[in-house]
Amino acid sequence: MKTRDRAVILVILSAIESYLFLHFRPEWRPLGGIGRLVERFFIANLVLWVGYAVLIYPYFVSHLRKLPSVPGGYFLTGNLLEVRLKQPQGEAVRQWMEKVPNEGLIHFREILGRDALIPTNGAMLKTILHDNNYDYHKPSRLVDIIRLIIGDGLISVEGDMHKFQRKHLLPSFQVKAIRDLYPMFWAKSCELTHRLKEASKEPEIEFGVWCTRVTLDIIGIAGFGRDFESLKNPDDPFVKDYQDLLEPALMKTVFFTMALFLPKAILMNIPFWHIPKNLSRISGTLNEFAYNMCKDRRAELNDLKLNADDREQRKDILSLLIKSNDFTDRELSYQVLTMMGAGHETTSSTLSWCTYLLAQNPEYQNRLRAEVRKHLPSPDNIATENITAAAIDNLPLLHGITQETLRLYPTVPVTLRVPIKETILGDSKLSAGTMIMISPWAINRNTEIWGKGAQEFIPERWIDEDGRINNSGGATNNYSQMTFLHGPRSCIGQGFSRSELKCLLAALVWKYNMQLTRDKDSYYPAGVITTKPANGMWIKFTEIAD
Ligand code: HEM
């Protein structure tokens with residue numbers, strides 16, 4: 001039940017109580033009349049209701065308390081602080097899943113003792129994400145904040161609006177469309193290796209920023225037909241704004257955790273706090289930038305001087321959406337912001353972890369280098385060589401290493417859903433609004449699903465004995481690999497991202513040897529909605545002769 005509905009019920013109840021009170025005890029009529037009486041009953045009812053909701057319902061009435069539960073937690077904050085503040089996000093859930101025997105659901109407490117659930121097996125995840133997907137929404141308060149950054153694009157909308165947007169965006173992400181992007185992915189990967197030449201003379205570089213720049217350039221070209229050239233111009237204010245927005249910081253974690261229970265109007269106006277102020281500023285800049293880009297592109301496509309062939313040639317996502325004529329410029333700008341937000345830092349972070357895992361496992365690095373050098377041209381020869389999807393996709397170790405990195409380092413380690421009405425999940429009845437925490441990090445590293453070596457880097461999982469690639473990693477159930485989720489709200493860009501990653505990694509390993517330069521424990525993921533290496537990805541690159 002929504003807070004507003006509860007308030008209305010309390011007011012009606014207080015009015016009835018006041019009427020009955022005056023009817024039976026007119027001599028006790030207070031000074032100030034009926035208004036004062038309703039007010040007093042309202043306060044008393046509110047106190048009783050809060051007491052019931054906080055002290056009685058969760059511990060003595062709720063059916064969910066009988067589910068296998070996470071021990072510990074505090075009275076006011078339940079287990080929420082442990083689950084939100086412990087980095088990497090999802091690690092607390094992973095540990096609970098290993099320790100609390102369960103049959104698909106684990107119960108824990110969020111703020112004020114409220115019930116929250118963690119689905120732990122394929123059947124539960126399938127019910128939430130596939131079978132009854134549209135009965136579960138993202139928490140509206142959190143989405144209100146995300147909307148500030150990416151507007152009402154595919155990530156933020158629900159229900160019929162989501163179905164509409166997804167249907168119109170899907171053609172740009174189908175296999176054929178992605179296949180056409182390989183030459184561009186390869187060209188940008190080669191450019192990255194060229195620009196790293198100077199930096200590779202340094203004893204170490206923070207490779208994470210290079211990953212951000214190259215993936216931003218790629219989404220710029222594929223998404224909007226515009227090369228941001230951030231590999232060339234690292235000081236571009238637009239690139240800096242994005243880095244600022246996504247840089248992991250404890251205060252950002254606190255901010256997004258508060259967004260779960262504080263309305264946007266309060267959260268964004270907390271005085272003397274730079275996080276909401278920064279967010280407002282960056283959101284304004286990005287919105288204006290995206291809107292102008294959509295307006296300009298529409299004008300370009302409508303320009304009578306552009307011949308039919310040129311118009312046909314514009315195949316970036318934005319141009320396709322403009323040509324379909326289904327969206328206004330403002331709606332298009334939301335999709336631009338969404339693609340930009342979802343489509344570069346996610347892949348960028350995964351690429352950082354690929355290099356980390358290879359630097360940590362030199363034998364795999366050498367084997368991968370042998371594979372790509374045997375089958376792919378040198379990245380130095382970009383002017384004369386091109387690349388096809390088949391050339392990249394048929395390399396088993398490249399496939400195994402990218403898949404295994406995606407499994408071990410899901411960039412969205414935790415996501416949330418709430419049922420929008422009373423719902424049955426497994427054998428449990430959930431009230432509307434019960435928080436459900438889905439953790440790709442915990443599922444992808446669960447020993448029951450992936451065996452004793454669940455936390456180890458084993459690319460061979462994704463390669464059959466006869467040397468062919470497989471897409472299951474040996475797991476028996478689709479819902480064992482949750483990096484992109486599953487169902488109608490799974491990541492629309494997963495094919496895009498896998499192909500982009502393979503091209504980038506192949507070119508890098510072709511040209512460079514990679515070594516970690518810092519203590520192994522200083523490399524770990526942090527962040528709230530998406531994660532990045534907490535202290536940067538410090539790597540020594542050494543160029544290898546052709
Ligand atoms: C390694 C890279 C990536 C990872 C790990 C990733 C992960 C995810 C996840 C977990 C979701 C679901 C979030 C939720 O519903 O709570 C999602 C949704 C989405 N992703 Fe990705 N993503 C990646 C790359 C991309 C790329 C490259 C694009 C675009 C070019 C993209 C666009 C989107 C969009 C638009 C959605 C919303 C889909 C919907 O709700 O229908 N993602 N992504």
In terms of side-chain heavy atoms, does Glu91 have a donor or acceptor partner in Gln95 at a distance below 3.5 Å? yes
Between Trp510 and Arg373, is there a cation-pi geometry (under 6.0 Å to ring centre, at most 45° from the normal)? yes
Is there side-chain contact between Glu98 and Arg94, with at least one heavy-atom pair below 4.5 Å? yes
Tell me, with the steps shown, if Met435 and Arg114 meet side-chain contact (heavy atoms from CB on, under 4.5 Å). CA-CA 9 Å; Met435 187 206 278; Arg114 277 162 35 178; over 6 Å; no
Keeping the roles fixed (side chain from Asn470, backbone from Gly473), state whether a donor-acceptor pair exists under 3.5 Å. yes
Are the side chains of Gln403 and Arg498 in contact, using a 4.5 Å heavy-atom criterion? yes
Would a distance-only check, ignoring hydrogens and angles, find a side-chain to backbone donor-acceptor pair under 3.5 Å from Glu422 to Ser431? no
Asn444 side-chain N/O to Ser439 backbone N/O, donor-acceptor pair under 3.5 Å: no
Criterion side-chain contact (heavy atoms from CB on, under 4.5 Å) on Tyr134 and Asp160, from CA distance to verdict: CA-CA 9 Å; Tyr134 286 105; Asp160 287 344; over 6 Å; no
Stepwise, does the ring pair (Phe, Tyr, Trp, His ring centres under 6.0 Å) test hold for Phe207 with Tyr356? CA-CA 10 Å; Phe207 185 55; Tyr356 165 80; over 10 Å; no
Using modelled atom types only, decide if a donor and an acceptor are shared between the side chain of Thr77 and the backbone of Leu80 within a distance under 3.5 Å. no
Between Arg445 and Tyr409, is NZ or CZ placed under 6.0 angstrom from the six-membered ring centre and within 45° of the ring axis? yes
Could you tell me whether the side chains of Thr517 and Gln515 share a donor-acceptor contact shorter than 3.5 Å? no
With Arg109 as the cation and Tyr59 as the aromatic partner, state whether NZ or CZ is under 6.0 Å from the six-membered ring centre and within 45° of the axis. yes
For Tyr364, run the side-chain hydrogen bond (donor to acceptor under 3.5 Å, both in side chains) check against Glu404, Arg369, Glu460 and tell me which one passes. Glu460
Is it true that Asp115 and Arg65 have a side-chain N and a carboxylate O under 4.0 angstrom from each other? no
Salt-bridge present (Arg141, Asp144; N to O < 4.0 Å): no
Does a side-chain heavy-atom distance below 4.5 Å link Val214 with Ser189? no
Does a salt bridge link Lys176 with Asp180, judged by any charged N lying under 4.0 Å from a carboxylate O? yes
Test item: Ser490 and Leu129 side chains (from C-beta on) under 4.5 Å apart, heavy atoms: no
Suppose we screen for ring-ring contact (aromatic ring centres under 6.0 Å, His included). Which residues come up paired with Phe108, at least two apart in sequence or across chains? Trp96
Can you find a heavy atom in the side chain of Met437 that is under 4.5 Å from one in the side chain of Leu117? no
Indicate yes or no: at least one non-hydrogen side-chain atom of Met537 is less than 4.5 angstrom from one of Trp210. no
Measure from the side-chain N and O atoms of Gln89 to the backbone N and O of Val414, and report whether any donor-acceptor pair falls under 3.5 Å. no
Please state whether the rings of Tyr479 and His486 are parallel, tilted or perpendicular, taking 30° and 60° as the class boundaries. tilted
Distance-only, no hydrogens or angles: does the Gln494 side chain make a donor-acceptor pair with backbone N or O of Cys491 under 3.5 Å? yes
